[in-house]
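Working notes, structure below.
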Amino acid sequence: MVRSESESRPSEARSRLLNTAIRVFYAEGIHSVGIDRIVAEAQVTRATLYRHFPGKEELVVAYLRQVDEAMRGQANDAVAAGLPAADTLRALSRSIAESIQSPGFRGCAFLNAVAEYPDPGHPVHQAVLAHRQWFLDTVTELLAHVGEAPAEPAARHFVMLRDGAMAAGCLFDPVLVTDTFLRGVEGLLQAHSASAHIGRAEA
């Protein structure tokens, strides 16, 4: 069935609202941007915004979900390539490095958001935790195929390397930061892989 122009408008307006929110929330911070700014730049009315998002909180959560979906897509693409687990993690690491070197980089959208919403019970805080748990689980599963040592401690190490690079990338030369990050990941992978050889030698 062909949708009429009036039927398609709400979807277009929602996309404009969400794209505007993604751009300004990431570039300038969440609390510093008001609803009036979002409405003006998206070229919609307040009534249109509230038809799609009951309030700013829901818009912030939708923004984070959009970023989360993009990151999950990158991870899924890396896994779908069918590379060995260690090479998949290297590919994910290179993707992180590329984002740090990209124009307009302002750190991790999730770490930035949780700094503005410290209450663990807040929906925005919960959205951040859900994303980070998915990321930790994804890295843990990959590392489980790299070495025989418990994968979760190594995965937490990987996440901390990533968090550190995301923070440092805003403050220092991003090329130097990402070089350090990638070398750290390589060292982690080699150490974790070596656990398998040590375990077999001791058996």
Side-chain angles (χ1 to χ4, degrees), residues 26 60-61 63-102 105-172 174 176-203:
Y26 182 72
V60 174
V61 170
Y63 147 62
L64 292 175
R65 284 177 178 162
Q66 192 84 354
V67 178
D68 173 73
E69 288 175 9
M71 293 186 67
R72 288 177 188 249
Q74 290 176 347
N76 290 338
D77 288 345
V79 171
L83 298 171
D87 289 336
T88 300
L89 282 165
R90 291 185 180 100
L92 284 174
S93 300
R94 287 193 296 270
S95 178
I96 292 166
E98 288 169 5
S99 72
I100 293 171
Q101 294 186 32
S102 64
F105 176 74
R106 279 198 69 253
C108 172
F110 297 93
L111 294 179
N112 293 347
V114 83
E116 296 197 59
Y117 292 87
D119 178 4
H122 195 283
V124 172
H125 195 109
Q126 290 293 313
V128 172
L129 292 180
H131 167 79
R132 289 182 65 79
Q133 188 62 55
W134 160 78
F135 188 67
L136 176 63
D137 291 345
T138 299
V139 174
T140 301
E141 183 175 353
L142 287 168
L143 282 168
H145 297 287
V146 174
E148 295 180 358
E152 186 169 341
R156 292 189 181 279
H157 189 173
F158 182 97
V159 172
M160 289 183 69
L161 287 171
R162 179 260 183 199
D163 288 349
M166 283 284 189
C170 297
L171 301 171
F172 307 108
L176 293 177
V177 168
T178 53
D179 179 64
T180 302
F181 166 64
L182 292 174
R183 283 190 284 109
V185 169
E186 191 61 36
L188 173 64
L189 288 172
Q190 290 179 9
H192 191 66
S193 178
S195 68
H197 300 295
I198 293 172
R200 292 191 197 101
E202 293 177 347

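Tyr117 places none of its side-chain heavy atoms less than 4.5 Å from the side chain of Val128. Contact of the Leu92 side chain with the Leu142 side chain is registered, since non-hydrogen atoms from C-beta on lie closer than 4.5 Å.
Under the salt bridge (charged side-chain N to carboxylate O under 4.0 Å, His left out) criterion, Arg183 pairs with Asp179, not counting sequence neighbours. For Thr88, there are no side chain to side chain donor-acceptor pair (under 3.5 Å) partners, not counting sequence neighbours. Taking Glu152 as the reference, Arg156 meet the salt bridge (charged side-chain N to carboxylate O under 4.0 Å, His left out) condition, with sequence neighbours excluded. When the ring pair (Phe, Tyr, Trp, His ring centres under 6.0 Å) test is applied to Tyr63, the partners found at least two apart in sequence or on another chain are Phe25. Qualifying salt bridge (charged side-chain N to carboxylate O under 4.0 Å, His left out) partners for Arg72, counting only residues two or more places apart in sequence or in other chains: Asp68. With sequence neighbours excluded, the residues that form a side chain to side chain contact (heavy atoms under 4.5 Å, CB included) with Gln66 are Leu18, Ile22, Glu69. Residues forming a side chain to side chain donor-acceptor pair (under 3.5 Å) with Gln74 (at least two apart in sequence, or on another chain): Ser95. Evaluation of the salt bridge (charged side-chain N to carboxylate O under 4.0 Å, His left out) rule for Glu186 yields Arg90 as partners, not counting sequence neighbours. Contacts of Ala165 classified as side chain to side chain contact (heavy atoms under 4.5 Å, CB included), with partners at least two apart in sequence or in another chain: Ile100, Val177, Phe181.
Residues Gly169 and Pro174 come closest through the heavy atom pair O-CB, 4.4 Å. Shortest non-hydrogen contact noted between Ala86 and Val146 is N-CG2, 3.8 Å. Heavy atoms only, all atoms of each residue included: Phe105 and Ser99 are closest at CD1-O, 3.3 Å. Leu161 approaches Val185 most closely through the heavy-atom pair CD1-N, 3.9 Å.
Counting only residues at least two apart or in different chains, salt bridge (charged side-chain N to carboxylate O under 4.0 Å, His left out) contacts with residues 111-138 comprise Arg132-Asp163. Within the structure, no pair that satisfies the ring-ring contact (aromatic ring centres under 6.0 Å, His included) test touches residues 65-88, not counting sequence neighbours. Sorted by first and then second residue, the ring-ring contact (aromatic ring centres under 6.0 Å, His included) pairs with a member in residues 127-155 read Phe110-His131, His131-Trp134; sequence neighbours excluded.
Atom CZ of Arg65 has 12 or fewer heavy atoms from other residues, nucleotides or ligands within 6.0 Å. Counting heavy atoms of neighbouring residues, nucleotides and ligands inside a 6.0 Å radius, atom CD of Gln101 exceeds 12 of them.
Expressed to the nearest 0.5 Å, how far CD1 of Ile96 lies from OG1 of Thr178 amounts to 11.5 Å. Atom SG of Cys170 is separated from atom CG of Asn112 by 7.0 Å, given to the nearest 0.5 angstrom. Between the NE2 atom in His192 and the CG atom in Leu143 there is a gap of 5.0 Å [rounded to 0.5 Å]. Note: Asp87 CG to Arg94 CZ = 7.5 Å, rounded to the nearest 0.5 Å. A distance of 7.0 Å separates CG in Leu189 from OG in Ser93, rounded to the nearest 0.5 Å. Remark: Leu136 CG to Leu129 CG distance equals 12.0 Å, nearest 0.5 Å.
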